[in-house]
There are 2 protein chains.
Amino acid sequence: MERRNTIQKQLVLQAVGELADHPTAEEVYELIVRDHPTISKATVYRNLASLSEDGLLRHIKMPGGADRFDHQTFGHNHIECTVCGRVEDVRLSDAAALDAQAARETGFTAVGHDIVFRGVCPGCANKRH
Amino acid sequence: MERRNTIQKQLVLQAVGELADHPTAEEVYELIVRDHPTISKATVYRNLASLSEDGLLRHIKMPGGADRFDHQTFGHNHIECTVCGRVEDVRLSDAAALDAQAARETGFTAVGHDIVFRGVCPGCANKRH
DNA sequence: TTTTTAATGATATATAATATCGTTAAAGGA
DNA sequence: TCCTTTAACGATATTATATATCATTAAAAA
C-alpha cells in the first residue's frame with residue numbers, strides 16, 4: 001500500500017500551515033480552491049485524514065462543530081471562544097497525567113483523550129464592556 | 001416563557017435514567033417508541049436539550065460521534081472504549097483545576113471544558129488475548 | 001370551561017463527513 | 001523514455017446527526 005505524494009496532498013498540507021489557526025476542512029478547501037478551482041472537497045477531506053494518520057497534521061475533534069486541523073502536531077490542547085468561535089492553543093503542564101489517572105480508575109488500557117476548553121477570549125470579553 | 005411538564009418530557013427523562021449507560025438520542029427514542037409509537041424523534045431531541053439546559057440531564061458532546069446523555073449530572077468525566085463503543089464514568093480528582101490553568105494560560109474567562117477519554121475496556125482487552 | 005401559547009408530530013432542511021465509481025496520474029520497472 | 005499498476009482523483013450520492021418550519025394539540029392558568 002504505497003502512499004503517493006500528489007500535488008493535492010502538498011496543497012492541503014501547505015494550506016493548513018498557512019492558515020495556522022486551526023482551520024476546518026471547509027476553510028482549507030476555500031483557500032486552495034482560489035488558485036486551484038478543480039480540486040474536490042472530497043480530496044481535501046481525504047488528504048486531511050491521511051496526513052493526520054501519518055502524523056503530519058493533528059486532527060482536532062471539536063465537540064459540537066466541524067473538526068479542525070493543526071499544523072503543530074505535539075503536546076498541546078485547545079480552547080474555543082464561545083462568542084467568536086476562534087480556537088487558540090493551551091499548554092497544560094500535566095495533561096498526560098490525566099490519562100494515567102483515568103486508566104487507573106477504570107482499568108482501561110491504551111488511554112488517550114480529547115479535550116477542548118471553552119470560554120470567552122479577551123477580545124470578546126472587552127467588547128461586552 | 002413558562003416550561004410545561006409534558007408526558008413526552010417525563011418519558012425522555014425516565015428513559016435516560018433506565019438506560020443509565022449514557023444513551024444517544026437515537027437510543028432514547030428507540031426505547032420510548034416501543035411503548036409510545038407516536039412519539040416523534042424531534043420531540044426526543046427537543047426534550048433532551050431542554051432537560052439538559054435545566055440541569056436534569058447532562059449533555060455529553062462526544063467527539064466524532066452522536067452526543068450522549070447522562071442521568072448523573074455532576075462532577076465526573078467519561079471514557080469510551082474504542083473497540084466496543086461503550087461509555088463508562090471516570091472520576092478525576094482535579095478536573096476543575098484544569099480550567100483554572102487554561103484560563104491563566106490564555107486570558108480566557110468563564111472557562112469550562114469537554115473531555116472524553118478513549119481506550120480499550122478490560123472486556124475487549126481480554127477478548128484479544 | 002375557555003383562553004393562551006409552549007410543545008408536539010411530521011417533515012424539510014442543514015451540516016459534516018464518508019462511500020461509490022469511472023477516470024487520471026504517480027511511481028517503479030522494462 | 002514508455003509501459004504498467006493502482007493509489008488517488010473529481011464528481012456526486014449517501015449517511016449520520018441535528019435543527020428548523022409549521023399546522024395542530026394539549027398544558028397551565030384565568
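Below, chain A is the first sequence line, B the second, and so on; all start at residue 1.
- A donor-acceptor pair under 3.5 Å is formed between the side chain of A/Asp70 and the backbone N or O of A/Gln72.
- Distance, B/Lys41 NZ to C/dA10 P: 12 Å, rounded to whole Å.
- For A/Ile60 and C/dA17, the CD1 to P distance is 12 Å, given to the nearest whole Å.
- Checked by distance alone, B/Arg46 brings no side-chain donor or acceptor within 3.5 Å of a matching partner on the base of D/dT19.
- Distances were taken from every side-chain heavy atom of A/Tyr45 (C-beta onward) to each of C/dA6, C/dA7, C/dA17; the shortest belongs to C/dA17.
- Residue A/Thr6 has a polar side-chain atom (N or O) positioned under 4.0 Å from OP1 or OP2 of D/dC9.
- The shortest non-hydrogen separation linking A/Glu18 to A/Leu31 is OE1-CD2, 3.8 Å.
- Looking at heavy atoms from C-beta onward, A/Leu13 lies in side-chain contact with A/Leu57 at the 4.5 angstrom threshold.
- The aromatic ring centres of A/Phe69 and A/His59 sit less than 6.0 Å apart.
- At the phosphate of C/dG9, OP1 or OP2 sits under 4.0 Å from a side-chain N or O atom of B/Gln8.
- One can place CG of A/Asn5 at 15 Å from C1' of C/dG28, the figure rounded to the nearest angstrom.
- Contacts between residues 61-69 of chain B and DNA chain D, counted as heavy-atom distances below 4.0 Å, involve B/Ala66, B/Asp67.
- Along DNA chain D, the nucleotide nearest B/Ala49 and the nucleotide nearest B/Ile7 are compared for position; the residue whose nucleotide lies closer to the 5' end is B/Ala49.
- Here the side chain of A/Arg91 pairs no donor or acceptor atom with the backbone of A/His76 at under 3.5 angstrom.
- For the pair B/Leu11 CG and C/dA7 P, the computed distance is 16 Å after rounding to whole Å.
- Checking D/dA28, C/dT8, C/dA26 against the side-chain heavy atoms of B/Arg4 singles out D/dA28 as nearest.
- Look at CZ on A/Arg3: it is 15 Å from P on C/dG28, rounded to the nearest Å.
- Close to D/dC9, at under 4.0 Å from its OP1 or OP2, lies no side-chain N or O of A/Ser40.
- Note on ring orientation: taking the six-membered ring where Trp is involved, the planes of B/His78 and B/His22 are perpendicular (angle over 60°, cut-offs 30° and 60°).
- Between the P atom of D/dA8 and the CG atom of A/Asp54 lies a distance of 9 Å, rounded to the nearest Å.
- Rounded to whole angstrom, the span from the CG atom of A/Asn47 across to the C1' atom of C/dA17 amounts to 15 Å.
- Going from atom CD of B/Glu2 over to atom P of D/dA27 covers 12 Å, rounded to whole Å.
- Contacts of residues 25-39 of chain B with DNA chain C (heavy atom under 4.0 Å): B/Thr38, B/Ile39.
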